[in-house]
**Student:** 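Before I ask anything, here is the structure I am working with.
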Protein chains: 2
Amino acid sequence: MIPSDEFLESKGIRPTAMRLLVFQHLTKSKVATTLSDIENAFAKADRTTLFRTLKTFEQKRVVHQIDDGSGIMKYALCEEGCNCELERDLHLHFHCTNCGKTICLTEQKIPHINLPEGFVAEDANLVLKGICDKCSGQ
Amino acid sequence: MIPSDEFLESKGIRPTAMRLLVFQHLTKSKVATTLSDIENAFAKADRTTLFRTLKTFEQKRVVHQIDDGSGIMKYALCEEGCNCELERDLHLHFHCTNCGKTICLTEQKIPHINLPEGFVAEDANLVLKGICDKCSGQ
DNA sequence: TCAATAAATGCACTTCCATTGCATTGCCCT
DNA sequence: AGGGCAATGCAATGGAAGTGCATTTATTGA
């Protein structure tokens, strides 16, 4: 496991204190995270800074944005297997309607779809909604 | 083709003038429509009324809501083949990043996904993004 | 028919989140 | 040390969803 600061630098991101904290917070979190989540995690941080940090991370392919239909954007680290560098990563997401958590199912890929003549797909977003393993296990 | 007012009544919706207009507007429109689209179509109508009209339609399974990731909710009529009455209809949507239009691909169904142990899917949302037939044909 | 009741509409307002402008601070390099 | 650019913080804006309440319109029942 390489140090966070080296990792960020390798992605072309200057590893400031704030960015390292955000990165480590994302690393620890197993689920997709909202801006507010992060804001609450470090009360001292400004919302704008966090917002721009996430935008920077996104641009440099460190995180990807997830629109799970909850109305609030979420972010999750791109993992090893994540193909964000090449093209949009086509793994899918699971949104639990019970606990509200959104989970990256990096193992599951979005199947190929045969589109009608003339349509060219460049990106895909698949969100399944239901009950997650934790909530169904109760 | 049964008249609009009879159709709405058959769905348990009182066919007011406003609702008939909105319904007919949706019928004419081949693509998913935003609240603002409709608002602009009838300048005299109030946003709230339209909002609630759409909510009513949604509840009565006349339209379905589409979150195509553009940040703005869109609505489209449920078609004959639409299974909204039983459960969520699992057809997919195509969002053109060129013209911004969102199209229901009612022919294409969302493939079944094998989820990890403990996950129970109740709903699915698949949005493909790219260039639509009209835009790619130019 | 007319009053009583319920449903639909319109206006104003609130909330929530994403996003931007601008001034300030901090970091890096010479 | 100082110049310059990147990062940060504060304030404000904007867009869309949603709510409360008063008013209008439609339905029902005497």
**Student:** May I ask you to list the residues of residues 24-33 of chain B, by number, that have any heavy atom positioned under 4.0 Å from an atom of DNA chain C?
**Tutor:** none
**Student:** Atom pairs under 3.5 Å, N or O on each side, protein against nucleotides 5-16 of chain D: can you list them with distances?
**Tutor:**
| from | atom 1 | to | atom 2 | distance (Å) |
| --- | --- | --- | --- | --- |
| D:dA6 | O4' | A:Arg14 | NH2 | 3.2 |
| D:dA7 | OP1 | A:Arg19 | NH1 | 2.6 |
| D:dA7 | OP1 | A:Arg19 | NH2 | 3.1 |
| D:dA7 | O5' | A:Arg19 | NH2 | 3.4 |
| D:dT8 | OP1 | A:Thr16 | OG1 | 2.8 |
| D:dG9 | OP2 | A:Thr49 | OG1 | 2.9 |
| D:dG9 | O6 | A:Arg52 | NH2 | 2.5 |
| D:dC10 | N4 | A:Thr48 | OG1 | 3.1 |
| D:dA11 | N6 | A:Thr48 | OG1 | 3.3 |

**Student:** Quick one: side-chain hydrogen bond (donor to acceptor under 3.5 Å, both in side chains) partners of B:Thr56, sequence neighbours excluded?
**Tutor:** none
**Student:** What's the shortest heavy-atom distance between A:Ala32 and A:Ile66, and which atoms?
**Tutor:**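 So the two residues come closest at CB-CD1, 3.6 Å.
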**Student:** Separation of B:Leu35 atom CG from D:dT19 atom C1', in whole Å?
**Tutor:** 15 Å
**Student:** Restricting to side chain to side chain contact (heavy atoms under 4.5 Å, CB included), what partner residues turn up for B:Glu39, sequence neighbours left out?
**Tutor:**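 With neighbours one apart ignored, the set is B:Ser36, B:Arg47, B:Leu50.
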**Student:** If the condition is side chain to side chain contact (heavy atoms under 4.5 Å, CB included), which residues does A:Thr49 pass it with, not counting sequence neighbours?
**Tutor:**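 Testing A:Thr49 for side chain to side chain contact (heavy atoms under 4.5 Å, CB included), a comparison that skips the adjacent residues, returns A:Met18, A:Asp46, A:Thr53.
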**Student:** Which residues satisfy the side chain to side chain contact (heavy atoms under 4.5 Å, CB included) test with A:Ile103, sequence neighbours excluded?
**Tutor:** A:Val31, A:Leu105, A:Cys132, B:Phe119
**Student:** B:His95: which residues meet the ring-ring contact (aromatic ring centres under 6.0 Å, His included) condition with it, sequence neighbours left out?
**Tutor:**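 For B:His95 there are no ring-ring contact (aromatic ring centres under 6.0 Å, His included) partners, ignoring immediate neighbours.
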**Student:** Please collect all salt bridge (charged side-chain N to carboxylate O under 4.0 Å, His left out) contacts where either partner lies in residues 24-34 of chain A, sequence neighbours excluded, each pair once.
**Tutor:** none
**Student:** List the residues meeting ring-ring contact (aromatic ring centres under 6.0 Å, His included) with B:Phe51, not counting sequence neighbours, and say none if there are none.
**Tutor:**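 Testing B:Phe51 for ring-ring contact (aromatic ring centres under 6.0 Å, His included), a comparison that skips the adjacent residues, returns none.
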**Student:** Can you pull the contact range of chain B along DNA chain C, 5' to 3', using atoms under 4.0 angstrom from its heavy atoms?
**Tutor:**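 Nucleotide range in contact with chain B: C:dA7 to C:dA12.
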**Student:** With sequence neighbours left out, what residues match A:Pro111 under side chain to side chain contact (heavy atoms under 4.5 Å, CB included)?
**Tutor:**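 Counting only residues at least two positions away or on another chain, A:Pro111 forms a side chain to side chain contact (heavy atoms under 4.5 Å, CB included) with B:Pro111, B:Ile113.
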**Student:** Checking A:Lys129 now: which residues fulfil salt bridge (Lys or Arg N to Asp or Glu O under 4.0 Å) with it, not counting sequence neighbours?
**Tutor:** none
